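Take a look at the structure set out below.
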Amino acid sequence: MATFVTGRCFCGVVRFQSEKRPVAVRACWCRDCQYLSSGNASINAIFKTEAFEITGEVSEYVSRADSGNVMRRRFCPRCGTPLFSESLSRPNLIVVRVGALDDPEIGRPENFIWTASSPSWGFVDSELPNCDGQPAAIPRH
């Protein structure tokens, strides 16, 4: 696999790579992401699963998001780093926490979502597209 993106958990036990650029990068203010990001927006790069490879064992937690989607969230069982989320209804996409990328410059947000859930002090870039809730789905192809 020709690698474009690489990343890892804090302790390095879980690593990942992709041969493709992310199809989208979003800052998400939903309450679930706030919990996963210690109260801030979660910055997420979305990749096609066909060009994405994970090495190392991950643990997972399955829950229903505010959007109604059933989400599988995966993290390092050793250091606890939140790494990936996947909607069970969109198995062709994997969401990666930008903080886990080796080059976080790749993860500059293109838009902000779930801004209605943002606290009054939360940063939302008014120069970028914003969505109060769940945005339209990324095409499957």
Side-chain angles (χ1 to χ4, degrees), residues 1-126 128-141:
M1 173 188 291
T3 304
F4 178 76
V5 174
T6 59
R8 65 179 182 86
C9 65
F10 184 58
C11 70
V13 168
V14 180
R15 296 185 179 273
F16 60 89
Q17 63 183 23
S18 177
E19 62 186 27
K20 306 274 186 184
R21 290 183 164 278
V23 295
V25 181
R26 298 173 172 164
C28 181
W29 275 107
C30 78
R31 281 299 291 147
D32 291 349
C33 281
Q34 290 178 52
Y35 283 112
L36 293 167
S37 300
S38 299
N40 213 332
S42 178
I43 313 301
N44 303 303
I46 304 166
F47 292 89
K48 298 265 186 175
T49 54
E50 67 198 20
F52 199 84
E53 180 180 305
I54 300 168
T55 56
E57 184 179 333
V58 293
S59 292
E60 69 180 38
Y61 176 72
V62 178
S63 64
R64 186 169 303 275
D66 288 340
S67 65
N69 293 322
V70 176
M71 301 297 293
R72 179 172 73 155
R73 302 180 196 283
R74 296 190 283 166
F75 55 93
C76 174
R78 182 172 172 204
C79 67
T81 303
L83 295 167
F84 315 113
S85 291
E86 296 165 276
S87 171
L88 298 185
S89 66
R90 312 276 302 162
N92 62 313
L93 299 173
I94 186 167
V95 176
V96 177
R97 306 286 178 236
V98 166
L101 298 175
D102 288 334
D103 180 4
E105 290 298 323
I106 295 166
R108 182 185 176 108
E110 300 160 349
N111 57 36
F112 285 71
I113 64 173
W114 287 93
T115 57
S117 300
S118 170
S120 62
W121 52 263
F123 175 75
V124 176
D125 189 340
S126 61
L128 296 175
N130 291 290
C131 181
D132 285 344
Q134 182 68 24
I138 294 171
R140 291 185 184 264
H141 33 279

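Bear in mind the structure is a predicted one, so any value in this text is a computation, not a measurement.
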Test item: Ser85 side-chain N/O and Val95 main-chain N/O as donor-acceptor pair under 3.5 Å:
no
For residues Val25 and Ile46, determine if any side-chain heavy atom of one lies less than 4.5 Å from a side-chain heavy atom of the other.
no
Here the gap from Cys131 atom SG to Phe112 atom CZ, rounded to the nearest 0.5 Å, amounts to 13.0 Å
Heavy atoms only: give me the nearest Ser118-Gly122 pair and the separation to one decimal.
OG-CA, 3.6 Å
Separation of Ser117 OG from Asp32 CG (nearest 0.5 Å)
9.5 Å
Under the 3.5 angstrom rule, does the side chain of Asp103 hit a backbone N or O of Leu101 as a donor-acceptor pair?
no
Under the side-chain contact (heavy atoms from CB on, under 4.5 Å) criterion, do Val23 and Phe47 qualify, and how do the steps go?
CA-CA 6 Å; Val23 295; Phe47 292 89; over 6 Å; no
Cys76 versus Val13, closest heavy-atom pair with distance
SG-CB, 4.5 Å
Measuring only between side-chain heavy atoms, which start at C-beta, is Ile106 closer than 4.5 Å to Pro22?
yes
Ser18 side chain to Lys20 main-chain N or O, any donor-acceptor pair under 3.5 Å?
yes
Under 6.0 Å between ring centres: does that hold for Phe84 and Phe75?
no
Are the side chains of Arg108 and Ile43 in touch, meaning some heavy atoms are under 4.5 Å apart?
no
Is there a side-chain contact between Asn40 and Phe123, using heavy atoms and a 4.5 Å cut-off?
no
Atom pair CG/CG of Asn111 and Asp125 - distance to nearest 0.5 Å
10.5 Å
Side-chain donor or acceptor of Arg78 paired with backbone N/O of Gly80 under 3.5 Å:
no
Polar side-chain atom of Gln34 near backbone of Trp29 as donor-acceptor pair, under 3.5 Å:
yes
If only atom types and distance count, is the side chain of Asn44 paired as donor or acceptor with the main-chain N or O of Ser42 below 3.5 Å?
yes
Give a yes or no on whether Glu57 atom CD has more than 12 heavy-atom contacts from other residues, nucleotides or ligands under 6.0 Å away.
no
Glu86 bridged to Arg74 by N-O distance under 4.0 Å
yes
Spacing of Thr55 atom OG1 and Phe16 atom CZ [to the nearest 0.5 Å]:
10.0 Å
Heavy-atom side-chain contact between Pro109 and Arg26 under 4.5 Å
no
Is it true that the side chains of Thr6 and Asp102 contain a donor and an acceptor less than 3.5 Å apart?
yes
Can a donor-acceptor pair be found between the side chains of Arg64 and Asn69 at a distance below 3.5 Å?
no
Do the numbers put Arg8 on top of the ring of Phe10, so that NZ or CZ is under 6.0 Å from the six-membered ring centre and no more than 45° off the axis?
no
May I ask you to decide if Val5's main-chain N or O and Gln17's side chain share a donor-acceptor pair within less than 3.5 Å?
no
Hey, could you give me the CD1/SG distance between Ile113 and Cys30, rounded to the nearest 0.5 Å?
7.0 Å
Step by step, work out the side-chain contact (heavy atoms from CB on, under 4.5 Å) result for Glu19 and Phe4.
CA-CA 5 Å; Glu19 62 186 27; Phe4 178 76; 5.7 Å; no
Determine whether Met71 and Val62 make a side-chain contact, defined as any pair of heavy atoms from C-beta on separated by less than 4.5 Å.
no
Roughly how far, to the nearest 0.5 Å, is the OG1 atom of Thr115 from the CG atom of Asp132?
4.5 Å
Distance only, no hydrogens: is a donor on one side chain within 3.5 Å (strictly under) of an acceptor on the other, for Arg97 and Thr81?
no
With the side chain counted from C-beta on, respond yes when Cys9 and Leu83 share a heavy-atom pair under 4.5 Å apart, and no when they do not.
yes
For the residue pair Thr49 and Asn92, confirm or rule out a side-chain donor-acceptor distance under 3.5 Å.
no
